[in-house]
Protein chains: 2
Amino acid sequence: MNKTAKLLAAGLSFTILAGTASAQVIGKTEDQIRWRQSAYHTMAWSMGRIKANVEGTYNKEQVIEAANLIAAIANSKMGPNLFTAGSDKGKGWKETRVKAELFTDKEGVGKVAGPYVKEANEMAKVAATGDAAAVKAQFGKLGDACKGCHDKFRKDE
Amino acid sequence: MNKTAKLLAAGLSFTILAGTASAQVIGKTEDQIRWRQSAYHTMAWSMGRIKANVEGTYNKEQVIEAANLIAAIANSKMGPNLFTAGSDKGKGWKETRVKAELFTDKEGVGKVAGPYVKEANEMAKVAATGDAAAVKAQFGKLGDACKGCHDKFRKDE
C-alpha cells in the first residue's frame, strides 16, 4: 500500500470504529448526565466506605466490595459513553458541573483519565490482600487521581 | 458449654457482629437514599447498554463492562448498608419509592435478593464468553430478578 492508501485505510478504520462505538452509545443528553452523576455518587459512597474502614474498624470484605465497585465504574468507559457531544450543558439529577474543556482538551483528559483507571484497578488489587496499611496508602493515591480531574474539569458548586 | 452458655455466646457473637457491621455503615438517611438511587440508575444504564448490544450490533467489551458493573453493585451489600432503619421515608435525588415492607418482610426480601445477586454474577460470567445468544437469555433472567423486587417492594411512580 502506498502512503495515500494507508491513510485512507486508517481513516476508514477510524470511521468504522467510531461508527460502531457510537451505535452502542445510549441515552439522551439528560439521561447521560443523570447516569454519570449516578455513577460518580456510587463511587463517592464506595470511597466513603473505604475511608470509614481505614479510619475505623477494618473489614476486609467491605473494602473489597467498595473497591471492586469503584474499579467496575472506572472500567465502564464513561468517557465515550456518557460524555458525548452536547452534554457539556444540561440537567440530570441536577445541572452538570462539567467544564466545556473536557470536550475539547483531549490531551488533558487523557492525563487525568489514565491515572484514575490505573489507581482504581490497583485499589481493587490492594483491597483483595486485606492489608489495611496498603489500602490506606492506595486510597490516598486514588483520591489524588479523582481530584486531578475534579480540579481541572469540574466546576465548583 | 451448657445450653445457657451456648445461647449467651451466640447472643454475644451476634451483638459483636451487629456492632461491627453497623460501625461500617456510613451516611445519613438522605445520603443512603441518594446513594441507592444512584446505584440503581447506574445499573439501569448498564442494563440499557446490554439491551442495546443484544438488540443491535454486539460488542463483547461493552457487554463485559456493563455486566461487571452490575455484578459489582449486586455484590456491594446495598441491603444492610443503604436500607437502614428509618430510610423507608425520605428524599435522596427524589422521594424514595421503597415500600415499608422491605424493612419488615425479611423472608420476602431474601426471596428476591438471592436470585438478583445470583443472576447478576451469572450475567458477568456469560458476558465474558462473548456468546450473544447466551447473553440475551441471561439478560432476560436478570431482568426478571430485578422485576421480582420492583413488583414487591417498590411503589409505582
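The chains referred to below are lettered A, B, ... by the order of the sequence lines, with proteins before strands, and numbering in each begins at 1. Note that these values count all heavy atoms, side chains included, but never hydrogens, waters or copies made by symmetry. In this text, all values refer to a predicted model and were calculated from it rather than measured experimentally.
Here the CD atom belonging to B/Q62 is positioned 10.5 Å from the OG atom belonging to A/S76, to the nearest 0.5 angstrom. Here NZ of B/K51 is found 9.0 Å from CD1 of A/I26. Values are rounded to the nearest 0.5 Å.
Heavy-atom proximity under 4.5 angstrom to chain A picks out nothing from residues 132-141 of chain B. Against chain B, the residues from residues 85-100 of chain A that qualify, each with a non-hydrogen atom under 4.5 angstrom away, are A/W93, A/K94 in number order.
Residues satisfying the side-chain hydrogen bond (donor to acceptor under 3.5 Å, both in side chains) test with B/D151, not counting sequence neighbours, are B/K147.
Cluster annotation: B/V109 is not connected to B/I33 through the hydrophobic network of ILVMFWY side chains, with a link wherever side-chain heavy atoms come within less than 4.5 Å.
For A/R34, the part lying near chain B is the side chain, with the backbone staying farther off; criterion is any non-hydrogen pair under 4.5 Å. For A/A66, no part sits under 4.5 Å from any heavy atom of chain B, backbone or side chain. Within the 4.5 angstrom heavy-atom criterion, only side-chain atoms of A/L82, from C-beta onward, approach chain B.
A side-chain donor-acceptor contact under 3.5 Å links A/Q24 to the backbone of B/T57.
A/K155 NZ: more than 12 foreign heavy atoms inside a 6.0 Å radius.
Pairs of residues two or more places apart, or lying in two chains, never qualify as ring-ring contact (aromatic ring centres under 6.0 Å, His included) while including a residue from residues 115-134 of chain A.
In terms of heavy-atom pairs under 4.5 angstrom with chain B, the leader among A/T42, A/I64, A/I73, A/N75 is A/T42.
Exactly one residue among A/Q32, A/M78, A/R36 makes a side chain to side chain contact (heavy atoms under 4.5 Å, CB included) with B/W45. That residue is A/M78.
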